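All of these numbers come straight from a predicted model, not from anything done at the bench. Throughout, protein chains are lettered first and strands after them, A, B, ... in sequence-line order, and every chain is numbered starting at 1.
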2 protein chains.
Amino acid sequence: MTQHPAPDSGAPSLDQARRQIARYGLPADPQAVLVAARLMAAGARLGQAGEVHFGRFGLSTGRYRLLADLEDHGGEKSPSQLAASLGVSRATVTGLVDGLEREGLVARRPSTEDGRGNVVILTARGADKLRDLAPEHFARMQALVGGLSVEERATFLDLLARVVAGIDALTAD
Amino acid sequence: MTQHPAPDSGAPSLDQARRQIARYGLPADPQAVLVAARLMAAGARLGQAGEVHFGRFGLSTGRYRLLADLEDHGGEKSPSQLAASLGVSRATVTGLVDGLEREGLVARRPSTEDGRGNVVILTARGADKLRDLAPEHFARMQALVGGLSVEERATFLDLLARVVAGIDALTAD
DNA sequence: AGCATCTGATTAGGCGCCATAGTACTTCTC
DNA sequence: GAGAAGTACTATGGCGCCTAATCAGATGCT
């Protein structure tokens, strides 16, 4: 087995935030910085956990998202459309489709409308895969937020959306 | 006409969640699943944004975290300790230190206490780097959660912590 | 028709995160 | 002193994502 990281490794403390801010005499609010840092740490942990979760089914986060998006659109979509709805580049979609095609979960067919285009279709095996993993997948997804009540989840959803809107602040300019 | 032309790529909708659950007649709560899915999408976006943010200073998320952790411990720490407090493997720390050492932000010294061990130290250049990026870094971190009031941030912090506790549910077993 | 251009998809290469497995070496313990 | 355990590094590999360059079909303009 691998060594399991210490209990709460990676999660910064309020004191750490305070110290860092104080060190340079900055006008930042420690609480705000703490929330932001915790959020980023949580995001990282979540990303890794997601990879583990999907790895259980022989998939990855990106591959699952592509598969699910395909299923949600009648099992047929062009790479460009996939790139747009997944929010990644077309090159990334090519890579994801390559992997999924290798495992027979998806197939490429020439587009009937556009000679240079493709259509990615969900194969029977791909649909089976989604059906098989669905019970466990959704149960675990639900368990992830199981520590919150319905009202709390609604609140969380709202706050999260507003934070997501603030992501631009990290990237802007 | 339909309401969502889907400009917000990557963020799943409640309808999608409902459809996916209904498709297999599962007992999952769409709202819970939606919150979980949004959370994971947010985590992914945050991770990328963080990489962009730190890239601005010629760093990456992992490298910054290592540097900051070092600074917070008097500028000296062993790779094993770093691995533990960052929550990554020792091999990963080796890689991060390699990169930072190449840029002169950090240096390796043989441990005086343990002949087989190293100590990673923060160089003057490394300390300068941290000081230089601090104002912008903290300002942006604060801006990230700027859309929330102080009370909301406190609430968010609490809810986030409880969700983080639920991450194990994704990985467990 | 002929040529420029736009668009779809892919390739090549890069960087990021991380993990495992194996090796070398030191230290500690019996 | 011999073996166990710990430290660190190397090598390899996976995944995610990106940009830039390329090829091929579609379209538009004259």
Side-chain angles (χ1 to χ4, degrees), chain A residues 1-5 9-10 40-41 43-66 77-84 86-103 108-120 171, chain B residues 9-10 40-41 43-56 58-66 77-84 86-103 108-120 171:
Chain A
M1 263 334 187
T2 342
Q3 35 164 320
H4 272 321
S9 42
M40 297 194 67
R45 285 198 52 184
L46 213 44
Q48 286 180 244
E51 230 51 62
V52 171
H53 170 63
F54 291 114
R56 210 190 305 270
F57 310 115
L59 293 175
S60 66
T61 305
R63 305 240 252 245
Y64 171 76
R65 291 217 303 136
L66 195 155
K77 218 167 175 184
S78 78
S80 294
Q81 291 175 316
L82 286 167
L86 297 178
V88 301
S89 72
R90 276 169 296 167
T92 296
V93 169
T94 297
L96 294 174
V97 172
D98 281 349
L100 290 167
E101 192 172 33
R102 232 178 288 124
E103 289 169 29
R108 277 184 246 245
R109 297 277 176 269
S111 167
T112 54
E113 295 160 350
D114 191 328
R116 58 209 156 133
N118 269 343
V119 164
V120 181
T171 308
Chain B
S9 38
M40 297 194 68
R45 286 198 53 185
L46 213 44
Q48 287 181 244
E51 229 51 64
V52 170
H53 170 64
F54 290 114
R56 211 190 304 269
L59 293 174
S60 67
T61 304
R63 306 239 253 245
Y64 171 77
R65 291 217 303 137
L66 195 155
K77 218 168 174 183
S78 77
S80 294
Q81 291 175 317
L82 286 167
L86 297 178
V88 301
S89 72
R90 278 171 300 171
T92 296
V93 169
T94 297
L96 294 174
V97 172
D98 282 348
L100 290 167
E101 192 172 34
R102 231 179 288 123
E103 289 168 30
R108 279 184 244 244
R109 297 277 176 270
S111 168
T112 54
E113 296 161 348
D114 191 329
R116 62 213 152 128
N118 268 345
V119 164
V120 181
T171 308

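Note: CG (B:Leu96) to P (C:dC18) measures 7 Å, nearest angstrom. The nearest whole Å value for the distance from the CD atom in B:Glu51 to the C1' atom in C:dG14 is 14 Å. Atom-to-atom, CG of B:Leu59 to C1' of C:dC15 comes out at 14 Å; the value is rounded to the nearest Å. In this structure, the CG atom of B:Leu86 is 8 Å from the P atom of C:dC18, given to the nearest Å. Rounding to whole angstrom units, CG of residue B:Leu100 and C1' of C:dC15 are separated by 15 Å. Counting to the nearest Å, the P atom of D:dC17 and the CG atom of A:Leu82 are 13 Å from each other. Here C:dG16 presents its C1' atom at 13 Å from CD of A:Gln48, a figure rounded to the nearest Å. Straight-line distance from the CZ atom of B:Arg63 to the P atom of C:dC18: 12 Å, rounded to whole Å.
Between atom CG of residue A:Leu46 and atom OG1 of residue A:Thr61 there is a gap of 9.5 Å, rounded to the nearest 0.5 Å.
The shortest side-chain heavy-atom distance between A:Val97 and A:Arg108 falls under the 4.5 Å cut-off. A:Val120 has its side chain out of reach of A:Ser78: every pair of non-hydrogen atoms, C-beta onward, lies at least 4.5 Å apart. A heavy-atom distance below 4.5 Å is not found between the side chains of B:Leu86 and B:Thr92.
Put simply, B:Ser89 has a side-chain N or O that comes within less than 4.0 Å of OP1 or OP2 on C:dA19.
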When you check every protein heavy atom under 4.0 Å of nucleotides 4-13 of chain C, what one-letter string (B, S, -) results, 5' to 3'?
---BBBBB--
Let's go through B:Arg63 and B:Asp98 carefully: what are the C-alpha distance in whole Å and the side-chain angles of both, what is the deciding distance for salt bridge (Lys or Arg N to Asp or Glu O under 4.0 Å) to 0.1 Å, and is it a yes or a no?
CA-CA 10 Å; B:Arg63 306 239 253 245; B:Asp98 282 348; over 6 Å; no
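Across every non-hydrogen atom of B:Met40 and A:Gly50, the tightest pair is CE-CA, 3.5 Å.
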